[in-house]
Amino acid sequence: MASRPSYYLTTAITYPNGEPHIGHAYEYISADVMARFKRLDGFDVRFLTGTDEHGQKVQQTAEREGLTPYELATRNAQAIKRVDDEVLGISYDRFIRTTDKDHYRASQSIWQRMLDAGDIYLDKYSGWYSVRDERFFADDETEVREDGARYAVETGTPVTWTEEESYFFRLSAYQEKLLELYRTQPEFAAPASRFNEVIRFVEGGLEDLSISRTTFDWGVPVPKELTAGDTDLNHVMYVWVDALTNYLTGAGFPETDSEEFTKRWPADLHIIGKDISRFHCIFWPAFLMSAGLELPKRVMIHGFLHNAGEKMSKSVGNVVAPAAWTETYGLDTVRFFLLREFPYGQDGSYTHEAVVGRKNSDLANNLGNLAQRSLSMIVKNCEGAIPEPGELHPEDNKILEQAESLLSISRDAYQGQQFHRALERTWYVLGEANAYFADQAPWKLKKTDETRMRTVLYVTAEVLRKVSLLIQAVMPTSATKLLDALGVEAGGDAGATNASNTGPRSLAAFGDSLTPGSPISKPEPIFPRHEEPQDAS
RNA sequence: GGGGGGUUAGCUCAGUUGGUUAGAGCAGAGGACUCAUAAUCCUUUUGUCGCGGGUUCAAGUCCCGCACCCCCUACCA
């Protein structure tokens with residue numbers, strides 16, 4: 001049996017310092033949809049997500065709460081994993097934690113490789129440090145006030161000149177190589193506007209990067225045998241070295257000769273938020289070049305969600321928990337809304353009215369009602385089974401061809417993570433199908449031409465089958481119900497695992513057709529209209 | 001300060017290398033139909049294309065200026 005092509009994708013790993021909100025859910029859901037689509041399309045998918053658990057903040061928070069850093073990280077990682085599992089239906093293959101044993105090995109291995117390449121050296125990191133902000137400021141970010149003391153302009157906190165021993169990565173040596181990468185692989189990062197920001201940044205020159213810390217110890221230790229002779233201090237890796245390396249760990253690194261690593265690396269897709277584009281588009285490829293490893297094929301940078309145009313923030317009190325949304329609208333509606341409403345890569349603004357609009361208009365009316373009316377007629381007028389179609393008329397072929405075209409349109413759109421485009425085109429065809437149904441008026445044909453009625457009902461159901469196959473990735477539960485209602489033989493798991501690679505519900509079956517005679521039950525509405533909760537009084 | 005992007009119907013946005021009457025979805029209005037989840041179909045109103053100049057036979061689409069908005073300008077993640 002021929003092996004199926006690999007598709008390895010990742011989300012960013014989450015810093016577990018709070019409850020995940022709808023913005024996190026946006027990233028997980030979009031990656032999940034991508035993973036499911038690829039599985040349904042026959043790829044041997046590996047989908048990695050997880051938590052980034054090291055760093056000073058976790059250590060300090062743990063101390064405040066009287067826990068060890070690992071205990072705190074475990075508690076918060078479990079909370080995030082629970083949202084993935086129980087709220088969002090995320091089909092990851094591994095939930096990686098940067099505290100996992102194999103990840104320590106991977107991080108120390110990439111460090112060794114960068115060291116061997118001559119790109120790591122010991123020096124002093126110095127700058128204006130604000131204790132209150134826990135961060136350094138550049139010279140021009142500080143000002144000397146009338147009292148003679150120096151303050152950070154941005155935050156107004158006092159800063160002191162601080163020097164700290166640190167290992168550095170020779171990032172400056174990679175400016176040209178990175179620009180060459182950007183020139184030769186214009187699809188390396190998207191959307192173009194974000195990618196251009198990265199390119200301009202690199203063109204402006206790169207400084208070497210401090211990649212270790214000695215002021216706290218909650219991190220992957222730089223192996224003592226690698227620091228012997230340099231220093232007596234204990235160095236832990238700067239969190240980004242460790243965090244980015246999770247993508248390698250998830251592929252089996254450092255076992256570079258293993259079957260797993262050979263198959264999975266380089267990654268096909270990193271999905272990230274716009275706040276960390278620099279780390280993924282500049283530092284990460286530079287680290288990999290230094291370590292002599294292949295570069296990921298694509299970094300897709302998604303935008304942020306805003307609540308009615310307002311940035312979500314705790315102080316404003318407009319942060320939405322994923323569970324609050326899925327309880328109010330239903331998981332599949334939330335998944336559909338997030339991918340249909342906003343061009344992926346741009347920021348998006350949501351309102352209750354917008355979600356309800358999509359739910360009612362696109363799901364309940366255009367899709368749900370079309371299924372309900374056509375399946376109802378089949379049950380009542382075709383002996384409860386998919387009818388045998390008669391000769392196809394030009395109108396039948398036209399709508400069938402439009403549905404047929406959705407596979408290549410969707411594949412192209414997904415290839416560039418243009419989820420909204422795939423859905424937009426799919427709903428355009430559903431609009432055409434509704435027009436076709438009204439135009440053919442099978443309820444009239446029932447009295448005049450039963451063969452023709454059966455043909456129209458068959459064609460409509462077949463369009464629905466094709467659409468259902470494609471939207472399994474976005475709305476796995478609802479699409480499964482719809483395929484059940486259409487009498488499509490069970491198979492796969494709506495893209496949740498590689499069991500969906502083949503079978504009557506995989507995209508390999510897209511070009512097939514409904515089997516006349518398949519029994520159909522009296523349909524139940526699959527996409528109900530939104531009901532506002534009644535005031536309990 | 002420097003760099004980049006935006007400003008098109010009530011709302012959200014499309015508008016290729018400048019070329020006949022500027023488009024879509026939603027919302028609004030009218031009509032049709034009754035298979036269906038008060039769903040669906042058809043028809044339809046509104047636009048100084050931010051403002052002011054310029055180039056051109058011809059500009060939303062190029063050039064200059066102005067106004068407003070947004071993003072980026074490295075080591076908390």
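Chain naming here is simple, since letters A, B, ... match the order of the sequence lines and numbering starts at 1 in each.
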Sugar-phosphate, base or nothing in reach of A:G273, heavy atoms under 4.0 Å: nothing

A:S212 versus A:Y167, closest heavy-atom pair with distance: OG-N, 2.8 Å

Cation-aromatic face contact A:R340/A:W427, 6.0 Å, 45 degrees: no

Atom pair distance, as rounded to whole Å: CG in A:L206 and P in B:rC72: 18 Å

Sugar-phosphate, base or nothing in reach of A:F279, heavy atoms under 4.0 Å: nothing

A:Q372 side chain, from C-beta outward: closest of B:rU37, B:rU34, B:rA74: B:rU37

Donor-acceptor pair under 3.5 Å, A:N369 side chain vs B:rA36 base: yes

A:H420 NE2 to B:rG25 C1', straight-line distance once rounded to whole Å: 13 Å

Sugar-phosphate, base or nothing in reach of A:I526, heavy atoms under 4.0 Å: base

Sugar-phosphate only, base, or nothing, as touched by A:R278 at under 4.0 Å among non-hydrogen atoms: sugar-phosphate

Sugar-phosphate only, base, or nothing, as touched by A:N381 at under 4.0 Å among non-hydrogen atoms: nothing

Contact under 4.0 Å: A:K380 side-chain N or O vs B:rA36 OP1/OP2: yes

Mate of B:rA24 where both pairing distances stay under 3.5 Å, Watson-Crick or G-U: B:rU12

Closest-nucleotide 5' rank along RNA chain B - winner of A:Y238 and A:G368: A:G368

Closest listed nucleotide, where the reference is the side chain of A:W443 and the choices are B:rC35, B:rA77, B:rA39: B:rC35

A:E165 versus A:T231, side-chain donor and acceptor atoms under 3.5 Å: yes

Rounded C1' spacing from B:rC69 to B:rC57 in Å: 37 Å

Distance, rounded to the nearest Å, where A:Y129 contributes OH and B:rC75 contributes P: 13 Å

Nearest listed nucleotide, side chain of A:A438, among B:rG3, B:rC71, B:rC41: B:rC41

Interatomic distance where CZ belongs to A:F437 and C1' belongs to B:rC41 [whole Å]: 12 Å

B:rU46 versus B:rA22 - spacing of their C1' atoms, nearest Å: 14 Å

Interatomic distance at P, B:rC64 relative to B:rA29, whole Å: 46 Å

Pair A:F336-A:D332, side-chain contact (heavy atoms from CB on, under 4.5 Å): steps then yes or no: CA-CA 6 Å; A:F336 175 79; A:D332 280 358; over 6 Å; no

Residue-phosphate contact under 4.0 Å: A:N196 side-chain N/O, B:rC72 OP1/OP2: no

A:I409 backbone acceptor or donor facing A:D412 side chain under 3.5 Å: no

Touch class at under 4.0 angstrom, heavy-atom based, for A:Y125 against every strand present: base

Candidates B:rA74, B:rA77, B:rU40 - which lies nearest the side chain of A:L171: B:rA74

Separation between the P atoms of B:rA9 and B:rG23, rounded to whole Å: 14 Å

Sugar-phosphate only, base, or nothing, as touched by A:E207 at under 4.0 Å among non-hydrogen atoms: base

Approximate separation, where rounding is to 0.5 Å, of A:H235 NE2 and A:I211 CD1: 10.5 Å

Touch class at under 4.0 angstrom, heavy-atom based, for A:A435 against every strand present: sugar-phosphate

Sugar-phosphate only, base, or nothing, as touched by A:G357 at under 4.0 Å among non-hydrogen atoms: nothing

Sugar-phosphate, base or nothing in reach of A:S210, heavy atoms under 4.0 Å: base

Closest nucleotide among B:rU40, B:rU73, B:rU37 to the A:F201 side chain: B:rU73

For B:rG1, the Watson-Crick or wobble partner whose two distances fall under 3.5 Å: B:rU73

Nucleotide nearest A:E197 (side chain, heavy atoms from C-beta), chosen from B:rC35, B:rU37, B:rC72: B:rC72

Test log, rule salt bridge (charged side-chain N to carboxylate O under 4.0 Å, His left out), inputs A:E65 and A:R75: CA-CA 12 Å; A:E65 300 194 20; A:R75 188 189 73 194; 2.9 Å; yes

Gap in Å between the two P atoms, one belonging to B:rC26 and one to B:rA39, rounded: 13 Å

Pair A:K466 + A:E462, salt bridge at N-O below 4.0 Å: yes

Distance, P atom - from B:rU55 to B:rU61, rounded to whole angstrom: 15 Å

5' priority, RNA chain B, between A:R340 and A:H54 [closest heavy atom]: A:R340

Value in whole Å for how far the P atom of B:rC75 lies from CG of A:D275: 14 Å

Same-atom distance (C1') from B:rG25 to B:rU17, integer angstrom: 28 Å

Interatomic distance, A:N360 CG vs B:rA27 P [rounded to whole Å]: 10 Å

Rounded P spacing from B:rA59 to B:rC51 in Å: 16 Å

Among B:rU40, B:rC75, B:rG3, the one nearest A:L209 by side-chain distance: B:rC75

Partner nucleotide of B:rC66 by Watson-Crick or wobble geometry (both distances under 3.5 Å): B:rG50

Distance in angstrom units between A:K444 NZ and B:rU40 C1', rounded: 13 Å

Atom-pair distance (NZ on A:K57; P on B:rC75), nearest Å: 13 Å

A:K359 to A:F337, cation-pi by 6.0 Å centre distance and 45° axis angle: no

